[in-house]
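What follows is a short report on a single structure.
Computed from a predicted model, the values in this text were never measured in an experiment. By convention in this document, chain letters (A, B, ...) are assigned in the order of the sequence lines, proteins followed by strands, and residues within each chain are numbered from 1.
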Amino acid sequence: MSNQIPLVEYLVLGDEPHLVANECTACGARYFDRRNACASCFGDSFAKVDIATEGEVRAFTIVTPWMPGTAPYVPAVVDCGGTSVRGNVVNTTPDAEHVTLGMKVRLTTVPFGADTAGTEAIGYGFEPIN
Amino acid sequence: MANEDLWILGINMTKFGKHPDKDVVDLAAEAAMAALADAGVTMADMGVLAAGNLMGAAAGVGQQLQKQIGQTGIPVFNVANACATGATAIRTVIMAIKAGECEMGLAVGVEKLSGAGMLGAGMGVAASDEWTPTGRFGAVSTLEGKTGTDMMPGVFAQVGMEYGHKYGGTSFELFARISEKNHRNSTLNPLAAIQKDMSLEQIMNEPMIAYPNTRAMCSANSDGAAAAVIVSGEKLRTLSAEQRKRAVKISASVLTSDPYEEGCQILPNVNTLTRMAAKQAYELAGIGPEDLDLVELHDCFATAELVHYDNLMLCPEGGAVDFFNSGATWRDGSTPVNVSGGLESKGHPIAATGIANIWEICHHLRGEAGPRQIEGAKVGLAHVIGLGSACGVHILEKSGL
C-alpha cells in the first residue's frame, strides 16, 4: 500500500484525505480543474484551499449501468461547507430508501486498482454519517 | 430594418424515428425542400444557409445539402451548439437578415441517432500500463462513474432532484406523471417517433435508467430533420396574400449561455440561462408567460420539464410542482406544454429539435395542427437547451397580416 496515486489531482491522500480547490484570490470562486483564468471575475491568480470533508447531499441520481454485471452507482452533488463537490455516494445500498436529499455525508477513499508498477489509484466518494 | 420583426415563411419537420433507408443529407434535403415549398420560394431566393448536424459537426452538412438541393454560392454557416444546434441555426439566419446582409434565409437541423444509446460520456483517457495524470483534473483514469456522471440521464436526473431539494414536493411518481402527459399527447402526433399511450404504472415499471427517470421518461434517440425559411418584414410585404397569411411572426429570438454561478462547473446549471433567455424574450416580444397559448419546452428527461416550468416563469418561483399538479400543462390546461408529445415521445434528433419545436408552435398558430390543434392559438413559446450550455427561446405569434 506504500505506492498510491490519487485518481484526480484535487484529491490529497494521507492520514486525513481531503479535496483541494483552486480558489480565485480576487473573488473566491472555487474550481477543481487546472485553470487559465476565473470564469466569474476573469482574474488569473489562484490559491490552493482545503475543502470541508463533511457535507450535505443536494442532488443525486442512481445510474443503472447498461453493461450486465455492473453495479448501480450514485452520482451526487454534495454541499461541503458552501462549496459544491461532485462524487458518488458510497458504502450504502444504492436505492432511494438509503440515499436521500439532504442526507449528511463525509468524504472517504475508494480504491480503483493497481497499475503494472503496483501503484494503486485511490479515488474518493461520500459515505453516510450515521 | 434592425428593429423590424422577422417572419417564418415556411417550415417543415420530417417524421422522427428510424429512417434506415435515408442518410443525413436525405433527411436534411427532405425537410429543407418541404420548407421551401411551404414558403413558396426556391433556393434561388435564399441569401444565407445555416445548418447543423451535431454528430457530424466536422463534415459540413450545409455544403453537402447544397450539393443535393441547390448550389447558389450563398454563405453557409455550419453550426454546432449541443442540443440547441437547431435553434442556433435559426438564430444565425435571423442575425444575418437583421444585419441587412440578405432578406431571406434557410435554417436546417438534422441528426441520425436511432440506436445511439446514452449520450454524454466524458472523454476517455488513453490507456496506459502505468497510472499517468492527464487532463485538467490530472486524472489517472476515465472518471465516468467514479466521480459522479457526465451521462445525460444522470445529469438531468440530478437537475430535477436538486429542484426537489430546494423547493420540496417532488417524487418519482410526480416526474412519471409528467411523462404520462407527454406520452398521452404523442398519440395525436403522427410525426412522433413513439405514439403510445402509457399508464403511470407502465412508465414507473419501465427499466430505471437514472433514478428517478425510467426509460419512458428519457428522450428517444431518433433520426429526423427540420428546416425553416425566414424572411424580413420588408420582403414579406412584397409576397402574395397567401404567403403573408401563413407567415408566423418571430416576436423574440434569444440565445444565451450559462453565466458563472457557484457549483455550475460541478453540475451544469440549466436554470439561470433559461430564465435569462425567457426574460429577454418576454421583454422583446412585449408578451408575458400568462399570454402563451402553448409551450414546447426541452423535456429531454421528465425531470427537466419540471424545472423549466419555473425557469420559463410559467409559474411563480418554486411553484413548479403545484403548477403541474393543478393540471395547467395538460392539453386542456391554462398553459399546454409539449402537446407534440415532447422529446420523451416525439423523439430527439439533436440538431433538428430546436427547429421542430418551432414547427409545432407554427402548426398551431396557422391552425393546421388537425386533431391536436390548440383552438384559437395566437402566441406560443419554443425552448431548447444544450448542455455546456446553450439555451434558445423563441416567441412566435399568429400572422396579423
Name the member of [options] that forms the most heavy-atom pairs with chain B at distances under 4.5 Å.
{"options": "A114(A), P6(A), C38(A)", "result": "A114(A)"}
{"options": "G118(A), C41(A), S40(A)", "result": "S40(A)"}
{"options": "V89(A), D79(A), T119(A)", "result": "T119(A)"}

Region of [X] in contact with chain B, defined by heavy-atom distances below 4.5 Å:
{"X": "N22(A)", "result": "neither"}
{"X": "R35(A)", "result": "both"}
{"X": "V74(A)", "result": "neither"}
{"X": "P72(A)", "result": "neither"}
{"X": "F126(A)", "result": "neither"}
{"X": "V110(A)", "result": "neither"}

Discussion item. Using a 3.5 Å distance criterion without hydrogens, assess whether the side chain of R136(B) forms a donor-acceptor pair with backbone atoms of D33(A).
Written reply: no
For [X] against [Y], the heavy-atom pair lying closest together:
{"X": "V8(A)", "Y": "A139(B)", "answer": "CG1-CB, 4.2 Å"}
{"X": "Y260(B)", "Y": "A39(A)", "answer": "CB-O, 3.6 Å"}
{"X": "D115(A)", "Y": "D129(B)", "answer": "CB-O, 3.2 Å"}

First locate atom [atom1] of [X], then atom [atom2] of [Y], and finally report the distance between them rounded to the nearest 0.5 Å.
{"X": "F32(A)", "Y": "F137(B)", "atom1": "CZ", "atom2": "CZ", "result": "9.0 Å"}
{"X": "W131(B)", "Y": "I122(A)", "atom1": "CH2", "atom2": "CD1", "result": "10.0 Å"}
{"X": "T147(B)", "Y": "Y73(A)", "atom1": "OG1", "atom2": "OH", "result": "10.0 Å"}
{"X": "E162(B)", "Y": "R58(A)", "atom1": "CD", "atom2": "CZ", "result": "4.5 Å"}
{"X": "T61(A)", "Y": "L267(B)", "atom1": "OG1", "atom2": "CG", "result": "10.5 Å"}

Worksheet, complete the sentence: Highest number of heavy-atom pairs under 4.5 Å with chain A among P133(B), P259(B), G148(B), G135(B) belongs to G148(B)
Worksheet item: What residue, out of K166(B), M208(B), K146(B), has the most heavy-atom pairs lying under 4.5 Å from chain A?
Response: K146(B)
Worksheet entry | Qualifying ring pair (Phe, Tyr, Trp, His ring centres under 6.0 Å) pairs with a residue from residues 33-52 of chain A, counting only residues at least two apart or across chains | none
Worksheet item: Quick one: are L143(B) and L7(A) in side-chain contact, heavy atoms under 4.5 Å?
Response: yes
Item to complete: Would you check if Q158(B) and V77(A) make a side-chain contact, meaning some heavy-atom pair closer than 4.5 Å?
Response: yes
Worksheet item: side chain to side chain contact (heavy atoms under 4.5 Å, CB included) with S84(A): which of Q265(B), E261(B), E262(B)?
Response: E262(B)
Discussion item. Report, in residue-number order, which members of residues 93-106 of chain A are under 4.5 Å from chain B by heavy-atom distance.
Written reply: A96(A), L101(A), G102(A)
